Amino acid sequence: MTLESKCIIIAGEEAGPRSNKMGGIWNVIDAEAKNLAGLISKGIIDEETAPSIIVAGPYYGHSGSDWNKGLNRITDMSSFEEMEPEGELFETIDKLKTKGIESFVGIEMVKGVKVIHLMFKTFDFCRLGMEYKGKEMCLDSMIKAEAYDLIGLDSMTYESMGNGAEYTHYLNLSYAISEFVRALATAREKNAEEYEDKAISEFAASLMPTVHVSLHCHEFGVFYALARLKKLGINVKTVATYHATLPGRSSGHQSIRKIRENDSSWDSGVPLNHAKLESLSSYADVVTAVGDSTRKEIKLFYNIDSIIVRNGIDKEDEEIDWEKKTISRKKIQEFLSEKINNVFDSKVIPPDRMIPIFSISRIEVENKGYPDLLDSLVILDRMVKNEIDAGHLDEDYRVICFIVAAQGPKTNTPENFPINLPEEVLVGEEIRLQQMIEGRGLECSKIPDGTRHVSAVLYPQWISDHDGGLNMTPDEFMAGCIAGVFPSKYEPFLLTGLEAGKESTPSIVSKVCGFSDALKTLKRLVMGMGGVIVVDNINIPYLESVADYALAMDYFIDTYTDDKVKYNLLCQEANLLAKDMNWEEPIKTYYELLTGTRLE
């Protein structure tokens, strides 16, 4: 294929064909590429001057090629079309092969517009021989030597740290991406150099089309790419986007205090080698942050100015799929009734008396507020019991809160998972989280006889239609639950809250989350607490915020059980938030930053 005069490359370590993670960087990269294609398809971006769209990331061809052996990601490009073996793009990729940089290409058609997926295989760079400054070495070492010469990256120190393999992967991937960008941006000059006569060479160069390349790097794993291009003097427009900062993640909920007190010190847990890569965003033409707290962190910890470009959500369906919600909810309810009966050999709890709610995120116990959630579930249990004793709620009602948090995907799920959850299935923080559930008496064994009316069920698996548990896709799972609860103490944005709203599922979010300010503009369909409830976990005491989470959950439960019409209005409110926070405006802003072209 032939490249257009403009080319936008969207890069990230999580780029590439979708994994079964949810709410991660890949969702944002994928959304940016597809929404850019949508703007071209709609004519908002003039088709004659529209850029080629390339998504760049890592290629994991088989087990063991992922730097993180625990995740064991394997790239699946089978759904993409193959690239025709001709044109500038193919020639550029072919030239990179001579330098030891192998890549895999797939074409995805989005509303009639091509999105090119370019995945780089970098795990074997340590076995490829190269020469640098007259010395023979492997490509891996050459990249580190050049990085030291260009920027002063002390890879000898950084690679010896506990996360050295991850650091090396980021450096190699960034190098591969930047070499591709450099080859594209300098293609005219390189082709013209084939003419021996200087005048003819200059004349030929003047006739060749110039490819204006823009590079958008998501997160620190690929920030070295834009820094390297800048140091090499390559004329490329670059944008670096932070979804959080490493010092902020390490400080977690304490980052709010640090911002207030202008305390720029780093906690001991900050990975220094990764933070060095993160600081390379200073080489970008523009730095963006997904929310105000992240913007403040970037300034506090790195003294780098940035602008806010919020994340969005893909929400094209105008109508709510009530049938999908009903079918998904019944599947979850029947699953819970059956599995609890199987595991505990107890009386059968009627499926329609099972009330499923959920929380989903990375397994960062304190940052994601899991202790707050569990304490609020204990309070909720007392509230539900009192309502049953007072005759306001049927005695068979049980509230089950799925906590979807996993170290990585599992292939060894036992029968009746996750109600049956033997300890040998769990690893790392999963063990700790399960112990916290049991320490509060929230385990599912107390549900059948009514000792508890509320239970927390750890779901240590990446949700998918073949996960060995519910076997539901993430959207089906969220559609089927009656509410989502996100009590994060450190949350730059919270995509999962919008994902829940996309499925018209009401949610409870902490004030810390990056989109809570947007709720002020949400159109209200019912009086009272609304379809998205914000709990202040910043300014009020812990016990009060925990009680507020419990009250909010109880509000959704009462509305669901007593007033289906009002509950459906709450679902519509949650859906309105997702519609309001779509991707169109953020993508227009990114396009303007990357190309200098203003869109109406």
Side-chain angles (χ1 to χ4, degrees), residues 9 11-17 54-75 77 92-106 117-184 186 215 217-232 234 271 273-274 276-278 280:
I9 299 165
E13 200 281 331
E14 287 288 354
I54 299 177
V55 176
Y59 181 82
Y60 305 113
H62 55 79
S63 292
S65 58
D66 188 347
W67 65 266
N68 189 329
K69 309 307 179 188
L71 293 181
N72 193 30
R73 293 168 292 183
I74 299 177
T75 305
M77 302 180 72
T92 300
I93 292 171
D94 211 39
K95 288 177 182 177
L96 291 183
K97 282 185 181 179
T98 64
K99 299 181 179 182
I101 302 173
E102 187 176 0
S103 58
F104 297 80
V105 187
H117 291 263
L118 181 60
M119 307 290 105
F120 291 98
K121 186 178 80 171
T122 64
F123 75 94
D124 60 349
F125 278 12
C126 59
R127 296 191 291 273
L128 300 174
M130 287 288 157
E131 182 178 315
Y132 183 69
K133 292 187 173 181
K135 295 182 179 180
E136 294 292 330
M137 61 185 70
C138 67
L139 178 56
D140 181 282
S141 296
M142 189 212 80
I143 292 169
K144 291 171 182 173
E146 185 201 52
Y148 182 79
D149 291 341
L150 287 176
I151 297 174
L153 285 180
D154 185 7
S155 294
M156 289 188 67
T157 298
Y158 294 154
E159 67 184 356
S160 65
M161 295 178 175
N163 57 356
E166 185 177 0
Y167 165 82
T168 296
H169 165 72
Y170 294 149
L171 204 64
N172 289 345
L173 176 62
S174 292
Y175 176 85
I177 292 170
S178 63
E179 273 298 280
F180 171 72
V181 173
R182 179 165 77 151
L184 277 184
T186 59
L215 175 63
C217 291
H218 286 270
E219 287 289 278
F220 70 92
V222 288
F223 284 174
Y224 174 63
L226 56 85
R228 180 173 182 265
L229 290 166
K230 183 71 71 174
K231 294 297 289 187
L232 292 174
I234 307 301
N273 47 7
H274 293 176
K276 180 62 178 179
L277 295 178
E278 191 166 72
L280 298 181

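Reckoned from all heavy atoms, side chains included, excluding hydrogens, waters and symmetry mates. Note that the coordinates shown come from a computational prediction; the quantities given were computed from them, not determined experimentally.
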Point to revise | Steps toward side chain to side chain contact (heavy atoms under 4.5 Å, CB included) verdict (Tyr59, Met77) | key: CA-CA 10 Å; Tyr59 181 82; Met77 302 180 72; 4.0 Å; yes
Review point. Of the non-hydrogen atoms in Tyr175 and Met142, which two are nearest, and what is the gap between them?
Key: OH-CE, 3.2 Å
Check your understanding: Going from CG on Asp140 to CG on Leu128, what distance comes out if it is rounded to the nearest 0.5 angstrom?
Key -> 9.5 Å
Revision key, fill the gap. In this structure, CD of Glu102 is separated from CG of Leu96 (nearest 0.5 Å) by 11.0 Å
Point to revise | CZ-CG distance between Phe123 and Asp66, expressed to the nearest 0.5 angstrom | key: 10.5 Å
Check your understanding: Which heavy atom of Val222 sits nearest a heavy atom of Glu13, and at what distance?
Key -> CG1-N, 4.1 Å
Check your understanding: Nearest 0.5 Å, what's the CG-CD distance between Leu277 and Glu219?
Key -> 12.0 Å
Revision key, fill the gap. Between Ala225 and Ser178, the two heavy atoms sitting closest are O-CB, 3.6 Å
Check your understanding: Which pair of heavy atoms, one from Met119 and one from Pro58, lies closest together, and at what distance?
Key -> SD-O, 3.5 Å
Exercise for review: Working to the nearest 0.5 Å, report the span between CG of Leu229 and CD1 of Ile177.
Suggested key: 10.0 Å
**Study point:** Over all atoms of both residues, closest heavy-atom pair of Ile151 and Ala227
**Key:** CD1-CB, 3.6 Å
Review point. Are the side chain of Thr168 and the backbone of Ala165 linked by a donor-acceptor contact shorter than 3.5 Å?
Key: no
Study note, to complete from the structure: Nearest heavy-atom approach of Leu173 to Gly12 is CD2-O, 4.4 Å
Exercise for review: List the steps and the verdict of side chain to side chain contact (heavy atoms under 4.5 Å, CB included) for Phe125 and Ile143.
Suggested key: CA-CA 9 Å; Phe125 278 12; Ile143 292 169; 3.5 Å; yes
Check your understanding: Looking at side-chain heavy atoms only, is the closest gap between Ile9 and Leu118 below 4.5 Å?
Key -> no
Check your understanding: What pairs meet the salt bridge (Lys or Arg N to Asp or Glu O under 4.0 Å) rule with one or both residues in residues 168-181, with sequence neighbours excluded?
Key -> Lys99-Glu179, Glu179-Arg182, Glu179-Arg228
**Study point:** For Tyr167, ring pair (Phe, Tyr, Trp, His ring centres under 6.0 Å) partners two or more places apart
**Key:** Tyr158
Practice item. Kindly say whether the aromatic ring centers of Tyr224 and Tyr170 come within a distance under 6.0 Å. Key: no
**Study point:** Any donor-acceptor pair under 3.5 Å from Ser103 side chain to Phe120 backbone
**Key:** no
Review point. Under the 3.5 angstrom rule, does the side chain of Ser174 hit a backbone N or O of Gly221 as a donor-acceptor pair?
Key: yes
**Study point:** Sequence neighbours excluded, every pair satisfying salt bridge (Lys or Arg N to Asp or Glu O under 4.0 Å) that has a member inside residues 153-177
**Key:** Lys144-Glu159
Review point. Distance from Tyr60 atom OH to Ile74 atom CD1, nearest 0.5 Å?
Key: 12.0 Å
Check your understanding: So do the side chains of Asp149 and Tyr132 get within less than 4.5 Å of each other, counting heavy atoms only?
Key -> yes
Check your understanding: Where do His169 and Asn172 land on the side chain to side chain contact (heavy atoms under 4.5 Å, CB included) test, with the steps shown first?
Key -> CA-CA 5 Å; His169 165 72; Asn172 289 345; 5.9 Å; no
